[in-house]
Amino acid sequence: MSVVSSVCCYCGTGCGVLIETDAGRIAGVRGDPAHPANAGKLCTKGATLHLAARASGRAWFPELRADRASPRARVDWNTALDHVAERFNALIREHGPDAVAFYISGQLTTEAYYVFNKLAKGLIGTNNIDTNSRLCMSSAVAGYKATLGADSPPGCYDDIEAAGTLFIAGSNTAYAHPIVFRRIEAARKANPAQKLVVVDPRRTDTAAEADLHLAILPGTDVALYHAMLNTMLWEDRIDRTFIDAHTENWAVLRDRIREYTPDKAAAICGVPAEDIVTAARWFAEGPTLSLYCQGLNQSSCGVDKNAALINLHLATGQIGKPGAAPLSLTGQPNAMGGREVGGLANLLSAHRNLDDPGHRAEVARLWGVERVPERPGKTAVELFDALAAGEVKAVWIACTNPAQSLPDQNRVQAALENAELVVVQEAYADTETTAFADVLLPATTWGETDGTMTNSERRISRVRAAVPPPGEARPDWAIVCDFARRLNPEAGARLFPYTDAEAVFDEHRETTRGRDLDITGLSYALLDEAPRQWPFPEGATHGRARLYADGVFATVSGRATFHAAAWQPVAEPVDARYPLHLNTGRLRDQWHAMSRTGKVARLFSH
Ligand code: SF4
């Protein structure tokens, strides 16, 4: 029996796990007591990882079908990748690089994310690469950038104990981030004076623990936060010194929120005005740690919701101090790592912006390519619309199941039917999306792959292979590099020379030099000692737990910006014919589309 340390592959809590192997098989899993995210604890999903690892339905060999009428047949890797390279080259020659697209996943390692982005934006010359993180985290990214200037979560898990008030919004933490919630429960037990406010339309297990549950009507969050700020302003609970020294646009926001009295917000939100006042007082007393997730992100005005909550932190100076931060909880295990390498259609490596010519030139220089294309790529939903319209001809889908998980399934499935070429890179052969695959590329999964992932508190952990992959499955990053060298033998060999995941990490590390997420002081050797938080620049001896402690933000002026959007009603209001609000939620013991957890009988008992 041997033991390999790694991280859980489910939620963004990023728990450390110890994988026990026996005779080349994963025999058991336990929490890693040395990992700061979980100190040895695991939730039911994490504790059954070894059972999911044994699950049936794995993709063992590359498969290819000659035409849509034929079933896929087993082929070797050379045949599969040469076929895809030939088809991609033909489509690019005839229609240009934007005729192809990639749809990838927040469950990939940072290294796989990095090479996928370099392949699309650097080698092929298209920004048509988006990820399922678009659906969960893009509002959080834009909310941070609109207010703090960079996509950098300012707080850490240690703030849970340091907070006087915990403000959970749009998150059923008890189900979605169970180990974070265990820590909240323990903190409250140790400090009975600590307040817990939960904002959620549903009476969840998280809400049941709250001292104050604001069961707002769906989509009314911005009105609530504006009314809380209105109360803080009226009762002089704001931090005028901090506002004057470290922010801008306060006057515009102040004028905006004057109309959002608690009474008015009570009518919009469907909660008592006195509860809004109580929440505002507890928030202002602080120190307050806000934890928020899909209730704020998955919305037609998700950026406004994120920013309106961050406004409360800025107005009360509650940022960069122990117990005081707006900390967005990431849904997937490596949505953060994907953001770090610019894994969206409008981003570039190391938190650079595609619309900045200087940033494009920097990335082109770092990659050794002539240019990075200027035009933003298709975002997740646009990408499938473009496939349906025939504008995008070929799509490469990796480690995600859009034929089950994207909204408007009839449309998504019609788009996949209409595509000239669907390549699916997957660990499982039996997902809804593999049914559409012209080419199936078997990938390694948890316990079989090497790399890094970053959790919600900016902590990078090593992901390690404990057992050999089944059949001919290969690591995601290696499949991409092999394909790149076939697509363009000269440039591919030059741009994708990596022989292991560490070489990819080292190149990614260099792209962060001088950026807010600078990790030039990190290496696999250091990460093998312990997981580390970024930034971790060259010469640093430890990562930084909290950002913006000096009141200097990542904007041009160095000041944070108040975002003064008005509350917008939901995009599809209820009416007499459609009287129900539908909302998304999570099953406690299942993960996403259940490709993995759905195969473990024990996880259906809750
Ligand atoms: Fe895995 Fe999240 Fe559970 Fe931790 S809390 S064991 S990361 S699913």
Side-chain angles (χ1 to χ4, degrees), residues 4-20 26 28-53 55 105-110 132-133 136-137 153 156-157 160 168 171-187 204-206 209 291-294 327-338 399 445-447 449 451-464 466 531 533 585-600 602-606:
V4 174
S5 73
S6 189
V7 279
C8 175
C9 59
Y10 296 124
C11 83
T13 304
C15 297
V17 296
L18 298 173
I19 308 171
E20 299 165 346
I26 294 177
V29 67
R30 54 198 157 86
D32 182 352
H35 199 291
N38 58 316
K41 299 185 187 68
L42 291 177
C43 75
T44 45
K45 291 187 287 282
T48 50
L49 272 165
H50 59 299
L51 302 178
S105 168
Q107 287 162 75
L108 292 169
T109 61
T110 301
N132 56 15
S133 298
C136 55
M137 299 315 299
C156 59
Y157 295 154
I160 291 171
I168 299 180
S171 160
N172 184 7
T173 320
Y175 281 19
H177 297 88
I179 294 302
V180 170
F181 197 68
R182 295 287 90 79
R183 191 159 171 176
I184 289 170
E185 288 175 322
T204 61
D205 278 18
T206 308
E209 172 73 15
L291 299 165
Y292 48 101
C293 204
Q294 305 315 339
L327 184 60
S328 159
L329 294 169
T330 42
Q332 298 193 79
N334 199 32
M336 280 287 287
C399 197
T445 185
W446 178 85
T449 203
T452 56
M453 287 192 176
T454 311
N455 72 2
S456 295
E457 59 163 359
R458 292 173 280 107
R459 191 177 298 281
I460 303 175
S461 296
R462 284 278 281 116
V463 173
R464 290 188 185 83
Q533 282 175 291
R586 184 169 289 204
L587 301 175
R588 192 193 71 181
D589 295 346
Q590 294 293 333
W591 174 253
H592 280 192
M594 298 162 62
S595 313
R596 193 189 321 252
T597 50
K599 296 186 172 75
V600 180
R602 194 192 296 175
L603 293 180
F604 285 93
S605 61
H606 180 246

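Counting starts at 1 for both ligands and their atoms, following the listed order. What you see is a predicted model, and the numbers here were worked out from it, not measured in a lab.
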> Of Ile179, Leu42, Thr330, which meets side-chain contact (heavy atoms from CB on, under 4.5 Å) against Thr13?
Replying inline: Ile179
>> List the residues meeting salt bridge (charged side-chain N to carboxylate O under 4.0 Å, His left out) with Arg458, not counting sequence neighbours, and say none if there are none.
In response: none
>> Between Asn132 (side chain only) and Gly106 (backbone N and O only), is there a donor and an acceptor less than 3.5 Å apart?
In response: yes
> Which of the numbered atoms in ligand 1 are below 4.0 angstrom from a heavy atom of Gly14?
Replying inline: 7 (S)
> Would a line drawn from the ring center of Tyr157 to the ring center of His177 be shorter than 6.0 Å?
Replying inline: no
>> Under 3.5 Å, is there a donor on one side chain and an acceptor on the other for Arg464 and Ser5?
In response: yes
> Between Asn334 and Thr109, do the side chains contain an N or O donor and an N or O acceptor separated by less than 3.5 Å?
Replying inline: no
> What protein N/O/S atoms lie closer than 2.8 Å to atom 3 (Fe) of ligand 1?
Replying inline: Cys43 SG
